[in-house]
*Asks:* 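I'd like to ask some things about the structure below.
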Amino acid sequence: MARKFFVGGNWKCNGTTEEVKKIVTKLNEAEVPSEDVVEVVVSPPFVFLTLVKSLLRSDFHVAAQNCWVRKGGAFTGEVSAEMLVNLNIPWVVIGHSERRALLNESNEFVGDKVAYALSQGLKVIACIGETLEQRESGSTMTVVAAQTKAIADKVTNWENVVLAYEPVWAIGTGKVATPAQAQEVHCELRKWLHDNVGAGVAASTRIIYGGSVNGANCKELAAQPDVDGFLVGGASLKPEFIDIIKAAT
Ligand code: G3H
């Protein structure tokens with residue numbers, strides 16, 4: 001089954017109203033392959049979600065960068081999946097390594113969040129990835145398999161899940177994984193899905209790569225058979241994000 005190329009732009013904790021409007025204007029002016037060829041989703045901070053959604057071209061979509069693990073209520077500072085649905089925000093990023101590391105989000109907590117967001121009708125970009133120490137000790141696959149298993153334990157329908165493999169050592173460092181390194185892990189992840197979830201899910205789930213993707217390295221990464229797109233951080237705030245979207249063709 002053909003997997004549609006997916007390009008996500010994670011704006012992280014960046015931007016002012018003026019900067020956000022400028023980025024959206026650039027995106028709206030860009031000539032990119034059609035929605036049949038590439039799915040583009042940008043993820044501004046919560047406070048800019050509705051602004052971006054109201055200004056953004058209709059063939060691009062928006063994602064929140066997080067949501068609460070269960071139904072909303074007395075959880076000061078959190079944003080619930082129900083609220084995102086209420087605002088017609090279709091996507092949410094869950095389990096980003098920055099939240100895993102800085103906010104101690106465990107594999108199990110991430111699995112619960114993914115399942116709850118899906119149950120409310122959101123589509124999920126679920127992030128996994130190993131640290132440099134874990135890679136150097138040869139445990140990359142053990143780590144990403146455990147992260148994926150915690151999601152698989154809670155999720156039965158993978159139709160609305162995109163799995164983002166983001167090696168922590170490549171995030172924001174300029175040290176992008178080589179195409180061979182990315183392909184190796186993506187291929188192993190697909191095998192893991194095949195053996196532990198099912199052949200159909202393995203064949204249809206998009207596994208995207210994140211970590212120092214830019215306009216110069218995206219083409220070679222995109223050419224790998226198991227790389228189905230990207231989750232882009234820093235470069236998603238720059239004009240080269242358009243070149244990354246074009247890597248779909
Ligand atoms: O979510 C995106 C990743 O953290 C990658 O960030 O492209 O700035 O390395 P980066």
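Because the structure is predicted, anything quoted here is derived from the model rather than measured. Quick note: residue numbers are just sequence positions, from 1. Counting starts at 1 for both ligands and their atoms, in listed order.
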*Asks:* Could you tell me if the side chain of Val41 sits less than 4.5 Å from the side chain of Lys123, heavy atoms only?
*Replies:* no
*Asks:* Please confirm whether Thr173 comes within less than 3.5 Å of ligand 1 when only nitrogen or oxygen atoms on both sides are compared.
*Replies:* no
*Asks:* What atoms of ligand 1 come closer than 4.0 angstrom to any heavy atom of Gly211?
*Replies:* 5 (C), 9 (O)
*Asks:* Quick check on contacts: which atoms of ligand 1 are under 4.0 angstrom from a heavy atom of Gly172?
*Replies:* 8 (O), 9 (O), 10 (P)
*Asks:* Do Phe5 and Val37 come within less than 4.5 Å of each other through their side chains, counting heavy atoms only?
*Replies:* no
*Asks:* Should the proximity of Ile171 to ligand 1, defined as any heavy atom under 4.0 Å, be assigned to the side chain, the backbone, both, or neither?
*Replies:* both
*Asks:* Atom 6 (O) of ligand 1: which protein heavy atom is closest, and how many Å away?
*Replies:* Lys12 NZ, 3.3 Å
*Asks:* Among protein heavy atoms, which sits nearest to atom 2 (C) of ligand 1, and what does the distance come to when rounded to 0.1 Å?
*Replies:* Glu166 OE2, 3.1 Å
*Asks:* With sequence neighbours left out, which residue pairs that include part of residues 167-212 fulfil the ring-ring contact (aromatic ring centres under 6.0 Å, His included) condition?
*Replies:* Tyr165-His186
*Asks:* Short list, please: which atoms of ligand 1 are under 4.0 Å from a heavy atom of Ala170?
*Replies:* 9 (O)
*Asks:* Given side chains that start at C-beta, do those of Ile125 and Asn10 come closer than 4.5 Å, heavy atoms only?
*Replies:* no
*Asks:* Considering only non-hydrogen protein atoms, determine which one is nearest to atom 8 (O) of ligand 1 and report residue, atom name and distance to 0.1 Å.
*Replies:* Gly234 N, 2.8 Å
*Asks:* Provide the number and element of each atom of ligand 1 under 4.0 Å from a heavy atom of Leu231.
*Replies:* 1 (O), 2 (C)
*Asks:* At what distance is the nearest protein heavy atom to atom 7 (O) of ligand 1, and which residue and atom is it?
*Replies:* Gly233 N, 2.8 Å
*Asks:* So, do Trp91 and Glu39 sit near enough that their side-chain heavy atoms are less than 4.5 Å apart?
*Replies:* yes
*Asks:* Can you name the nearest heavy-atom pair linking Ala81 to Leu122, along with the distance?
*Replies:* CB-CD1, 3.7 Å
*Asks:* Sequence neighbours excluded, which residues qualify as side chain to side chain donor-acceptor pair (under 3.5 Å) partners of Thr148?
*Replies:* none
*Asks:* Which ligand 1 atoms are under 4.0 Å away from a heavy-atom of His96?
*Replies:* 1 (O), 2 (C), 3 (C), 4 (O)
*Asks:* Can Gln65 and Arg99 be said to form a side-chain contact (heavy atoms from CB on, under 4.5 Å), step by step?
*Replies:* CA-CA 10 Å; Gln65 294 176 16; Arg99 296 195 64 83; over 6 Å; no
